[in-house]
A.B. asks: 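Below: one structure in C-alpha cells.
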Amino acid sequence: MINTPTTDQGQTPEESPEKLDHVMRARLEKLTRLRELGVNPFPYGFTKTHTVESALSDFDKLSESEENVKLAGRVLSVRLMGKAAFTHIQEEAHRIQLYFKMNLLEELDWEVFQLGDIGDIFGVSGTLFTTRTGERTLKVSKLTLLSKNIRPLPAIKEKEDTVWFKWEDKEEVYRNRTIDLILNRESREKLIARSLITREIRNFLDEDGFLEVETPIMQSMYGGANAKPFVTHYNALDHDYYLRIADELYLKRLIAGGIPKVYEIAKDFRNEGIDRFHSPEFTMMECYAAYEDYHFCMDLVERMFTRLAINVLKKDVFEYDNNEISLKAPFKRSTMADLVKEKCGIDIIDRDRDELAKEVSDLGIHVDTTWGTGKIIDELFSEKVEPELIQPTFVLDYPVELSPLAKKHRSVDGLVERFELFIAGMEVANSFSELNDPIDQRSRFEEQARLKAAGDDEAHPIDEDYLQALEIGMPPTGGLGMGIDRLVLILTGAESLRDVILFPTLRPRS
RNA sequence: GGGGGAGUAGCUCAGCAGGUAGAGCACCGGCCUUUUAAGCCGAUGGUCGCGGGUUCGAGUCCCGCCUCCCUCACCA
C-alpha cells in the first residue's frame, strides 16, 4: 500500500486514543494481549481446502467422510456458552456456523478464541457435522486468527429473512461502503451485477470486432455533449484544463485515423446537479463503427441487450418500479414526431415556431420566449412522452438544433438521424449517424458558439482540432453512447444511482 | 435554489403539554460444553447534529447553520 492520507472516516486509533470509545479500547487491549501470547493478529495467509459455499454444497459427502476442512471468513455473530460457543462466519455471500468446544482445541487456540470479536476474520479447520437443531456446522479443531477487528461492526441479528437492527442509514451506507458490503447482501449483489454488466458489454463489443481504447480525461477543449465541465489546472503546462464531458470527439478522430471500430468505457464528468438519476461523475460507454449508420447501432443495442438478458439477468423480463419490462428483441421503433403526435396530438414537423409554442403552452408546459423550435419540441417530448416509454423504445429522428454532431436526415428536412433508447421512462442510450461533413460540422459549431455567446453555458465550443480530423476525412460512421450507471440502475431495480455507484460523491464531513 | 422529512449510546430506536437522559442489541465482568434474535445476573457507555435565544430550568419552544433522504427546479 502506498502512503494514504487519513480519510474523513475519523482519526486512526494511534492518533487520538483519548477519543476512542470503550469498545475500541477493549479491542486494542485484546490486540496487545494476543501479541503477548505470541499470536500475530495479522498473519500473511491461510490455505483453505474449501470455500464456505463449496463446504455447504458438498456437505453430505464431507461430513460423512469426516475429512478435515479448512475455511475462512468474517465472524458475524457469537453465542458463548462457557466452555463452548457457536459463531457464524461469512465468506462472500455465504455463511456457515462454527462450533468451538474448549476440550477440542489447543489451549492457545481457545484463549485466542476468547479474545475474538464480531468482525474478526478467522481461518478454521475441523470436520463438518449437523447440530441437534439441524444446522450444518464446522466443529473447529484449529483456529487461526487472520485479521483482528478493531473498529466494531454493527451486530446484526437475523433469523430466516427477518433482520433486526438492520444497518441501512443511507448516509452511512454511502459513506462506509466497507460495512455496507459486509452487512447488506443487496449492496453486494448490485456490485456484482454491475461488474457482470460491464464485463458482458466488453465481451460483446470485443467479439463484434470493436477495439477498446483510452482517450484523455483531462482536455484543453471539452465537447461531445451539452454540459458544464469541471475545470482543473495543469501545473506543468500552466494552463486550465477540463475534465471531459464525453469521449465522442476523440473516438471519432480514431475512426478518421482508420481504426474501424472503437469503444471506451470510462468516466465522464458533468458539473451539474446531483439527484437520484444524475451523478456528476458517471460511467459512459461509447462506441463507433465505420461505414455504419444509426440503424446499425439500433441492431447493436438490441443484440447487446439480448446478451445482457441471457448472461446477466438470466431472463428476458425484469421488474422496475412495479412495471414488468421485457427485453425481448426487437424493441419498438418509433419516430419522435409519431410519438408526439400519438401522445399529444401535436404535429412537430415543419412547424412555425410561434404556432408550435402556443400549442405546447396550451398543454400547460412552460415555453420560454428565447427557445427555438427544437428546444420546444424537446421540452414537450420530455414532459409528455418520455415518462410513458416504459418498455424499451427507440425514439428516432431529432430536431437538428438539438444534435450538433449528428448527420442530417437523409429524407426529412430539419431532422437528424439520431435515436435514443428509453426504458422505464429513462434514457439509456443515444446514437446517431455521425456528422462527417466538415463544412456542415463547422457551421453547427458556429451555431453553438453563437448560443454560447448568447449565454448558453452548455453549448459546445468550436473544436478546430476535431474539425481538422473531419477535413482529412472520416468515413460514414454510426456512434452510440450508453450510460452504464443508469443501465445498472434499471437492470438491478435500484432506486437511486447512488445504490449502484460504490463511492458516490457526498459533501465532505466537516 | 424552493418545499417536505430526518439527525438522541458503537447499531436500531423510544422520550416531548419544557423538570437532573431511556430500551434492546453490541461492549466489559460473572454463570452456562449442541446454541441460533441463545439465556440469566451485573457494570460501563451520551457536549440528545452545531451555534445562538426564551426560561429558574431546553433533547423538547424560537432563530440561524450543517449533513442526509424525498420532491420540484436546473440538468442527461
Side-chain angles (χ1 to χ4, degrees), chain A residues 8 10 20-30 76-88 95-105 110 114 117-119 129-139 149-176 179 183 224-228 245-246 268-280 282 284 366 368 378-379 382 386 402 420 422 426-430 456-458 481-486 489 495-499 504 506-510:
Chain A
D8 59 1
L20 287 181
D21 72 272
H22 67 286
V23 179
M24 287 188 70
R25 202 180 284 281
R27 296 205 176 169
L28 288 172
E29 282 164 12
K30 287 179 181 180
L76 285 190
S77 64
V78 181
R79 291 174 295 285
L80 292 170
M81 289 174 307
K83 299 188 176 59
F86 289 92
T87 79
H88 273 97
R95 291 180 194 170
I96 191 168
Q97 180 169 259
L98 306 180
Y99 178 52
F100 291 87
K101 189 152 77 165
M102 190 173 82
N103 58 13
L104 290 179
L105 288 169
W110 180 251
Q114 299 300 113
D117 287 295
I118 290 174
F129 76 111
T130 306
T131 62
R132 191 178 289 162
T133 50
E135 178 157 359
R136 294 174 298 178
T137 302
L138 183 87
K139 186 182 291 179
N149 169 282
I150 295 306
R151 188 173 289 275
L153 214 50
I156 53 163
K157 292 282 178 183
E158 62 184 320
K159 184 178 190 179
E160 270 114 56
D161 290 333
T162 319
V163 180
W164 286 262
F165 314 121
K166 196 165 169 50
W167 192 78
E168 60 188 353
D169 181 295
K170 285 287 187 194
E171 183 172 0
E172 294 307 317
V173 163
Y174 299 145
R175 287 192 194 272
N176 201 333
I179 295 177
L183 297 184
N226 291 326
K228 291 171 222 161
I245 58 172
D268 286 345
F269 307 85
R270 298 185 184 174
N271 209 342
E272 288 160 0
I274 307 177
D275 64 33
R276 278 204 295 162
F277 304 112
H278 297 84
S279 171
F282 64 102
M284 182 72 118
H366 167 75
D368 201 282
D378 187 38
E379 197 63 21
S382 325
E386 276 187 28
L402 300 175
E420 293 186 312
F422 288 85
M426 268 179 275
E427 181 213 324
V428 297
N430 180 21
D456 182 347
D457 51 6
E458 289 177 358
M482 218 162 75
I484 299 297
D485 311 84
R486 275 197 197 166
L489 173 96
E495 286 175 1
S496 165
L497 277 186
R498 284 178 166 173
D499 294 323
L506 297 181
R507 200 175 290 274
R509 273 177 169 157
S510 53

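Just so you know, these numbers use all the heavy atoms, side chains as well, and skip hydrogens, waters and symmetry mates. A note on names: the letters A, B, ... follow the listed sequences, proteins ahead of strands, and every chain is numbered from 1.
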A.B. asks: Please check the phosphate of B:rU35 (OP1 and OP2 only) for any side-chain N or O of A:Arg132 closer than 4.0 Å.
C.D. replies: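 Checking A:Arg132 against B:rU35: at least one side-chain N or O falls below 4.0 Å of OP1 or OP2.
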A.B. asks: B:rU35 pairs with which nucleotide, Watson-Crick or G-U wobble, both distances below 3.5 Å?
C.D. replies: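 Partner of B:rU35: none.
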A.B. asks: Do any N or O atoms from the side chain of A:Glu272 and from the backbone of A:Lys228 form a donor-acceptor pair under 3.5 angstrom?
C.D. replies: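 Yes; at least one donor-acceptor contact below 3.5 Å.
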A.B. asks: What contact category does A:Leu153 fall into here, base, sugar-phosphate, or nothing, at under 4.0 angstrom with non-hydrogen atoms?
C.D. replies: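 Result for A:Leu153 = nothing.
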A.B. asks: Strictly by Watson-Crick or wobble contacts shorter than 3.5 Å, is anything paired with B:rC28, and which nucleotide is it?
C.D. replies: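 Pairing partner, where one exists within any strand: B:rG42.
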A.B. asks: Judged by atom type as modelled, is there a donor-acceptor pair below 3.5 Å linking the side chain of A:Arg276 to the main-chain atoms of A:Leu497?
C.D. replies: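 No.
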A.B. asks: Please check if the side chain of A:Arg270 supplies one atom and the backbone of A:Ile245 the other of a donor-acceptor pair under 3.5 Å.
C.D. replies: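 At least one qualifying donor-acceptor pair exists.
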A.B. asks: Does the B:rU35 base have a donor-acceptor partner in the side chain of A:Gln97 within less than 3.5 Å?
C.D. replies: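 Yes, a donor-acceptor pair under 3.5 Å.
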A.B. asks: Is the shortest side-chain N/O distance from A:Lys83 to OP1 or OP2 of B:rC31 below 4.0 Å?
C.D. replies: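 Checking A:Lys83 against B:rC31: no side-chain N or O falls below 4.0 Å of OP1 or OP2.
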A.B. asks: Answer with base, sugar-phosphate or nothing: what part of the nucleic acid does A:Glu420 contact at a heavy-atom distance below 4.0 Å?
C.D. replies: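 Base, at least one base atom sits under 4.0 Å.
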A.B. asks: If we call it a pair only when both distances are under 3.5 Å in a Watson-Crick or G-U wobble match, what pairs with B:rG1?
C.D. replies: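 Because both required distances fall under 3.5 Å, B:rG1 counts as paired with B:rC72.
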A.B. asks: So what does A:Asn103 hit on the nucleic acid, given a heavy-atom distance under 4.0 Å: a base, only sugar-phosphate, or nothing?
C.D. replies: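 Base contact - A:Asn103 has a heavy atom under 4.0 Å of at least one base atom.
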A.B. asks: Within the modelled atom types, does a donor on one side and an acceptor on the other bring the side chain of A:Arg79 and the base of B:rU35 under 3.5 Å apart?
C.D. replies: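 When only heavy-atom distances are counted, A:Arg79 does reach the base of B:rU35 through a donor-acceptor pair under 3.5 Å.
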A.B. asks: Considering only B:rC70, B:rC11, B:rU34, which nucleotide approaches the side chain of A:Phe129 most closely?
C.D. replies: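 Comparing B:rC70, B:rC11, B:rU34 against the side chain of A:Phe129, the answer is B:rU34.
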A.B. asks: As a quick check of understanding, evaluate side chain to side chain donor-acceptor pair (under 3.5 Å) for A:Glu135 and A:His88, giving each step before the final call.
C.D. replies: CA-CA 11 Å; A:Glu135 178 157 359; A:His88 273 97; 2.7 Å; yes
